[in-house]
Amino acid sequence: MIINLISKTVHDLNCPTLVVFSKASSQKEKSAEITLKDLAKHYSAAIEDKSITGKANEVILFRHSNYSHYKNVVVVGLGASNELTHEKARQAAAAAYDALKAIKEKEVVLHFDGITGSASQSAQYMKAVVEGLQLASYNFEELKSKKSETPKLTIHISSQHAADKKVKEAFHEATVLSQCVNFSRNLGDMPGNLMTPKILAEKTQAAFKGTSVKVQVWDKARIKKEKMGGLLGVSNGSDQEPRFIIMEYKGGKASEKPLVFVGKGLTFDCGGISIKPSASMEDMKYDMCGGANVIGSVLAIAKLKLKMNVIGLVPATENLVNGSATKPGDVHTARNGKTFEVNNTDAEGRLILADALSYATELKPKAIIDAATLTGAMVMALGNIHTGFFTRSSDLTKKIDHAADTSGELTWRMPLTDQHVSDMKGTFADLSNISSGKGAGSATAAAFLEQFVGEGIPWVHFDIAGTAWAVGNRLNYCSKKGASGVMVRTFVELAKNLA
Ligand code: BES
Ligand code: ZN
Ligand code: ZN
């Protein structure tokens, strides 16, 4: 798909199809509004008989429209005019994309002005519309022998603000962000046999070609030398070698502390000796989405040339069962010297993150942000609606809330206390990888991670187990079953807030 931003009016552009938006009136008995005033007159009958209601994501297609030179007009609802948000615009744009795809459109004009009346809000709404279109256009067909025959679509966004600096920047940012989210989604959607730790590292190296980011990949021998006992311990059970991926972006002064992202890169998690049930085990190819989304975030930060230093770390391995696999009761030593008993081999994400967080600490960062599909308990707590995050820092919490409000992604702060830490004490080693208490499985996992973060470093852990895939039932710009790329948009925003 190609999207152009053009200052010409819809009457000056020559295309067969026009997309416009409608809004439901804030008073129930009143009729819907259409963002293009003379079109409102043209469709007054349809508005009057409530064929057009302006309801959120309503799509009404008028063929042989006889409006200006347009053959087709697609009217897309934004919901009540007094409840408009950029997220509603993002979803309306995605609904428009789906309709255009269904009618196999090739070239359309989208009327942007009037979505928001305020010129100052145009930039954030432009960002939302472009994201909605680009994110909705993602598909994962590369493993099918027969591809769907969707023609390449060109969308001309017509706006009187097209030449405004802020609007142009928003357009560019949305394009980069969506490309990076779609890249992360692709990594996540790849099956385990085609997304091994080695392949993940190679795809990362390829993605950063042409950017200023230095990518280093450590193999098993190097990981051993670096004393990453957690990552090695988990990889023991697999024939595939682990990898430790380091992405280094220097957009700030040399003296400036880096912001470090860490992502769980478990390319397949069968649970190890504490094996998972077969039902839905195939979903565990998504256990590297924390890593994939960190890679996408660093890629976006580099492409947007943010003026700051950022490092991304992704420990990557499979969690499988062969004769060398870690057994329940085994003790391993993490990079920072702390020992842990592996009392359940399925609680493996925290073990590989332990080494990565220890390494992140050595980089003397200004903050550490990690993302992981860490616990089933997170799915129980928040479903696929909010991403839960754990931090002791109220300052970081404020920045996260602000970043998520701006990106449109939903997050929720979860508790993390000394009591959760006590539950993770080991019997024969410093720590146990499972809690001695009942419940609070996501908080105790976070408490385990905290043991590997240096004193005084602001740190936040995002458990994306519920939101990393299969969120399409509530977000129309995400696929029904596939990876969501969740938190890439928020992480880039958060990075800006921490720059
Ligand atoms: N990758 C899983 C967590 C997960 C489960 C993510 C479901 C997404 C959906 C993780 O490695 C795991 O298995 N965690 C265990 C920990 C338990 C043994 C303490 C879990 O949550 O059951
Ligand atoms: Zn597991
Ligand atoms: Zn896992």
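Counting starts at 1 for both ligands and their atoms, in listed order. Everything numeric here is computed off the predicted structure, so don't read it as measured data. Computed from heavy atoms alone, side chains included, the values below leave out hydrogens, waters and symmetry copies.
- Nearest protein heavy-atom neighbour of atom 15 (C) of ligand 1: D346 O, 4.0 Å.
- With ligand atoms numbered from 1 in the order given, ligand 1 contributes 6 (C), 8 (C) to contacts under 4.0 Å with heavy atoms of A465.
- Contact annotation: the side chain of T406 never approaches that of T490 to less than 4.5 Å [non-hydrogen atoms, C-beta and beyond].
- Residues passing the salt bridge (Lys or Arg N to Asp or Glu O under 4.0 Å) test with D346 are K276, sequence neighbours excluded.
- Within the 4.0 Å heavy-atom criterion, the part of W469 lying near ligand 1 is the side chain and not the backbone.
- A salt bridge does not link K225 to D219: none of the charged nitrogens lies less than 4.0 Å from a carboxylate oxygen.
- The environment of Q419 atom CD is sparse: at most 12 non-hydrogen atoms of other residues, nucleotides or ligands sit within 6.0 angstrom.
- Within the 4.0 Å heavy-atom criterion, the part of K264 lying near ligand 1 is the side chain and not the backbone.
- Atom NZ of K366 has more than 12 heavy atoms from other residues, nucleotides or ligands within 6.0 Å.
- In terms of protein heavy-atom proximity, atom 17 (C) of ligand 1 is closest to A347 CB, 4.3 Å.
- The shortest N or O to N or O distance between R350 and ligand 1 is not below 3.5 Å.
- Regarding atom 2 (C) of ligand 1, its nearest protein heavy-atom neighbour is D269 OD2, 3.6 Å.
- Within ligand 1, the atoms closer than 4.0 Å to a non-hydrogen atom of T373 are 1 (N), 2 (C), 3 (C), 6 (C), numbered from 1 in the order shown.
- Those atoms of ligand 1 that come under 4.0 Å of a heavy atom in N344, given as number and element, are 18 (C).
- Protein heavy atom in closest approach to atom 10 (C) of ligand 1: L374 O, 3.3 Å.
- Counting non-hydrogen atoms of other residues, nucleotides and ligands closer than 6.0 Å to NZ of K496 gives a total above 12.
- Between K398 and D401 there is no salt bridge, since no side-chain nitrogen of the basic residue lies less than 4.0 Å from a carboxylate oxygen of the acidic one.
- Between F244 and Y359, the ring centre distance stays below 6.0 Å.
- The existence of a salt bridge linking E362 and K364 is excluded, since no basic side-chain nitrogen approaches an acidic carboxylate oxygen closer than 4.0 Å.
- The number of heavy-atom neighbours closer than 6.0 Å to CE of M281, taken from other residues, nucleotides and ligands shown, is above 12.
- With hydrogens left out, the protein atom closest to atom 9 (C) of ligand 1 is M284 CE, 3.6 Å, a heavy atom.
- Of the angles at the Zn ion (ligand 2), the one spanning OE1 of E348 and O of D346 is 70° when given to 10°.
- Draw a line from the Zn ion (ligand 3) to NZ of K264 and another to OD2 of D269, and the angle between them is 170° (to 10°).
- Under 4.0 Å from ligand 1, the heavy atoms of K276 that appear belong solely to its side chain.
- Minimum-distance N/O/S atom of D287 relative to the Zn ion (ligand 3): OD2.
- Less than 4.0 angstrom separates some heavy atom of E348 from each of these atoms of ligand 1: 11 (O).
- Ionic pairing of D395 and K399 is present here: one or more N-O contacts between side-chain nitrogen and carboxylate oxygen are shorter than 4.0 angstrom.
- What you find for T375 and A465 is that their closest heavy atoms are O-CB, 3.2 Å.
- Residue, atom and distance of the protein heavy atom nearest to atom 22 (O) of ligand 1 are G376 N, 4.4 Å.
- From the protein, the heavy atom lying nearest to atom 19 (C) of ligand 1 is I434 CG2, 3.6 Å.
- The Zn ion (ligand 3) has no N, O or S atom of L374 under 2.8 Å away, backbone or side chain.
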